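Any value given below was found using the heavy atoms of this structure, including those in side chains, with hydrogens, waters and symmetry copies removed. Just so it is clear, the model here is predicted, and its values are computed rather than measured. So that the names make sense, note that chain A is the first sequence line, chain B the second, and so on, each numbered from 1.
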Protein chains: 4
Amino acid sequence: MSTTRSAVAREPKRQRGHIRVAAIIEAGVEVFTEKGYDAATMTEIAARSGTAIASLYRFFPSKEALADALLLQYANYALDGLAELRSRAPGMTLDGIAGAFVDFRLELQSQRRFAISLADTRGAIDDKRQRFREAMLDGMAGILREVIPSLTKAKSEVMATILLQILKGVAVVSQEKPTARRVLLAEIKKLIYVYLASAEPLV
Amino acid sequence: MSTTRSAVAREPKRQRGHIRVAAIIEAGVEVFTEKGYDAATMTEIAARSGTAIASLYRFFPSKEALADALLLQYANYALDGLAELRSRAPGMTLDGIAGAFVDFRLELQSQRRFAISLADTRGAIDDKRQRFREAMLDGMAGILREVIPSLTKAKSEVMATILLQILKGVAVVSQEKPTARRVLLAEIKKLIYVYLASAEPLV
Amino acid sequence: MSTTRSAVAREPKRQRGHIRVAAIIEAGVEVFTEKGYDAATMTEIAARSGTAIASLYRFFPSKEALADALLLQYANYALDGLAELRSRAPGMTLDGIAGAFVDFRLELQSQRRFAISLADTRGAIDDKRQRFREAMLDGMAGILREVIPSLTKAKSEVMATILLQILKGVAVVSQEKPTARRVLLAEIKKLIYVYLASAEPLV
Amino acid sequence: MSTTRSAVAREPKRQRGHIRVAAIIEAGVEVFTEKGYDAATMTEIAARSGTAIASLYRFFPSKEALADALLLQYANYALDGLAELRSRAPGMTLDGIAGAFVDFRLELQSQRRFAISLADTRGAIDDKRQRFREAMLDGMAGILREVIPSLTKAKSEVMATILLQILKGVAVVSQEKPTARRVLLAEIKKLIYVYLASAEPLV
DNA sequence: AATGAATGAGCCTTCATTCAT
DNA sequence: GATGAATGAAGGCTCATTCAT
């Protein structure tokens, strides 16, 4: 499938390797998420994944490469989910789609797969994040046009930007206590609903 | 740089200190904002504020203490602004208050006073940030009740949480190009408006 | 790469081993020469010789051992050449022998067989280098006595030391551009000639 | 004198600093000489100079910068000595100048000031070494023309190249036992003498 | 009181060498 | 026997923080 990839993660050729990589990725997500890119140390990631530091470097030739890989994986997962949502979109009510968006974001969280707070990380990785963001916006805009056909492309893009920001709130409220959490998630759904409704032409 | 100081009236120590502290804070905001907490170095902050490193440490005994102070200052500024907004709230239309919220957030940005991306920084500083967040939520909930008297306290707090998240979007869209920016800010205002309107009982 | 090996006559192990070793030695010479002892990595030598790293270690149990082997091979080659030169020495003119020495050194260079700049490498290898040096001096002193029979053993050894140093210059000038190179090589020959002549008793 | 110098050694502003720098330079010369550039470690240089590693880096911002500084210092010292020799050259006999060259080289050695075996070191430092070499050749060629006026510029340069190589032998024989050493040094002088004489037109 | 210097802990990364399949 | 994977020791370098003048 893929032959050589310069500075990017190299995939293992033996069974054990895959397990290792999985452990590293998991630890990487954990540590990056907990501490942020700069404060995370390769040593800790290695330790937490039960790998020797040099082994970690065998698969991910640099800290940045590891972060890249984590982001990429998250991006793929998220984009896949979004595509799936889109396929279900036609015929959904505004209310349904509002809930679907929130559930989608919730799912992303639950899958411990995401990584790296949106902060620090300068340099090359930022480009990739930017591209990911654009792909997300694109996908969301598409969904919006699916459910509100009267939307122009431009308008749908603006709304997607807003929507993305709203959905970030899901991550924030996820840290609240269960009760508050439930209430807040319902409120976010409602917010999205009224927002979408306000953009739909009155029949 | 240092001049004679024989008979000349030397400013009272407090005065000099204040100037120094102000310079440090300004430099601190700059550097933290530009590079993030981890990548910012005390040496650079010292240099950029024209202070010797040891002097910097006289006023702020650690990097974290400096970040704390920066946050505190920002919090005070923000809370003051919020209080002021609250005093103007009574009698404002929903539309007016939606705009006012956005303008308020915009103002915060423009005043180079705020610092440190909400990420990295772990430890003690997080508590303070939490308290600041709560104070903000409190203030915003109050304003909401001011403009939508029918709101219960609980409901207003939920809405404040949502609103705060929406307002974070102002920072995000501020990085877009002027045209897009203007459009997006208008959209945020609209979003807030429809959200507030949805919570107001139909007369 | 690896083919079937069922009924096909597999070369005797020894044979295969020799090929491997030869490949490793060649790669070793290359890499050591290009990068120097320290900067050369066993991994690269393995890769460049098409050997697996573990196989390399089967033949040469350490980096130093490999360097040793390289030196030894070079020493043998050089000493053989010197012996051959010695056999041709009787009856040569001083001028002829001067040229022969330079050509001899030139030959050594051309045969990509030599390795490792005379620097770095500490430890055990230095002893071997020392012994090699002595063997060379010995051989050269012998040749000198062959062409200048009046030389005492002691004197011939002193002269050999000097001569060896002069010949190192061949390596240095070899890096010059062709034209300069030619001139400098001729000059070295002349230097050797006048040096030898100065030691020959006036007839 | 000098204000800022990017990646090069920074000179201390206080008394203590000069002492430190001197100690570092001495240790640097020692370690680089003993182990070669690659094998030398900053940690050892720091330790041997009684400095903390970070202090070392305060003055010399990188290993290469330190090596650079060492080379520069050596070059200056050597070139000064050569200039001085040149001023004494007019009127010297060939025999005298031969001895003077050897003494000059000997002096360089004795002044523990020189550094870094001519091996390893790739990159930027090699350029400087090259320039240094050329300056030396230039100076030596000048001296040769001083004592053998009939020399063309080109011829003197060729001879200087040869001479430089011969003089390297001084370093080599310096490692011999005193007795052998004395004999060899005398032989080098003689070699230089006959070489120079061979280039002088018969009167 | 102010400041340049000193420092040690720690980070990312590499590599010779040994395992385990 | 051959090979990819594993590893730990070490190296260059930075930075928050403390001394000493």
Side-chain angles (χ1 to χ4, degrees), chain A residues 10 12-21 38-46 50-66, chain B residues 1-2 5 10 13 16-17 20 38-46 50-66, chain C residues 1-2 10 13 16-17 20 38-46 51-66, chain D residues 10 12-21 38-46 50-66:
Chain A
R10 183 167 29 175
K13 296 185 182 171
R14 298 194 181 177
Q15 185 51 43
R16 293 254 301 288
H18 280 119
I19 298 175
R20 269 285 148 79
V21 166
D38 286 323
T41 81
M42 293 298 265
T43 307
E44 180 169 3
I45 294 174
T51 334
I53 183 70
S55 300
L56 195 172
Y57 272 89
R58 180 168 209 56
F59 297 110
F60 303 94
S62 75
K63 188 180 183 179
E64 190 174 325
L66 175 56
Chain B
M1 205 127 283
S2 68
R5 43 171 163 153
R10 181 151 48 112
K13 294 168 188 176
R16 293 260 302 276
R20 267 287 150 74
D38 287 310
T41 79
M42 293 298 265
T43 306
E44 178 168 4
I45 293 173
T51 320
I53 181 73
S55 300
L56 194 170
Y57 270 87
R58 184 167 289 294
F59 295 112
F60 303 93
S62 76
K63 189 178 184 180
E64 191 174 321
L66 175 56
Chain C
M1 203 128 283
S2 68
R10 182 150 46 110
K13 293 169 189 176
R16 294 258 303 277
R20 267 287 152 72
D38 287 311
T41 80
M42 292 299 265
T43 306
E44 179 168 4
I45 293 174
T51 320
I53 182 72
S55 300
L56 195 170
Y57 270 87
R58 184 165 289 294
F59 295 111
F60 302 94
S62 76
K63 189 178 183 181
E64 192 174 321
L66 175 57
Chain D
R10 184 167 30 174
K13 295 185 181 170
R14 298 194 182 176
Q15 186 50 42
R16 295 253 301 288
H18 280 120
I19 298 175
R20 269 284 150 80
V21 167
D38 285 325
T41 81
M42 293 298 266
T43 307
E44 179 168 3
I45 293 174
T51 333
I53 184 71
S55 300
L56 195 172
Y57 272 90
R58 180 169 211 56
F59 296 111
F60 302 94
S62 76
K63 188 178 183 181
E64 190 174 326
L66 175 55

Can you tell which of [options] lies closest to the side chain of [X]?
| X | options | result |
| --- | --- | --- |
| A/Ala52 | E/dC12, E/dA6, F/dT7 | F/dT7 |
| D/Lys63 | F/dG12, E/dT13, E/dA6 | F/dG12 |
| A/Ala54 | E/dT17, E/dT14, E/dA9 | E/dT14 |

Could you tell me whether the phosphate oxygens of [N], OP1 or OP2, come under 4.0 Å of any side-chain nitrogen or oxygen in [X]?
| X | N | result |
| --- | --- | --- |
| C/Ser55 | F/dA2 | no |
| D/Arg20 | E/dA6 | yes |
| B/Thr41 | F/dC15 | no |

Worksheet item: Can you check the B/Met42 CE to E/dG4 P distance for me, whole Å?
Response: 16 Å

Fill in: Length of the line joining C/Arg58:CZ and E/dC19:C1', which is rounded to integer Å
12 Å

For [X], answer base if it contacts any base atom (sugar-phosphate contacts may also be present), sugar-phosphate if it contacts only those atoms, and nothing otherwise; contact means non-hydrogen atoms under 4.0 Å.
| X | result |
| --- | --- |
| C/Ala40 | sugar-phosphate |
| B/Thr51 | nothing |
| D/Ala46 | nothing |

Worksheet item: What are the two closest non-hydrogen atoms of A/Leu56 and A/Thr51, and how far apart are they?
Response: N-CG2, 4.0 Å

Worksheet entry | Each stem that DNA chain E is part of, given as range with range (3 or more consecutive Watson-Crick or G-U pairs, under 3.5 Å) | E:2-21 with F:2-21

Response to the item:
Comparing A/Ile53 with C/Tyr57, nearest DNA chain E nucleotide closer to 5' gives the residue A/Ile53

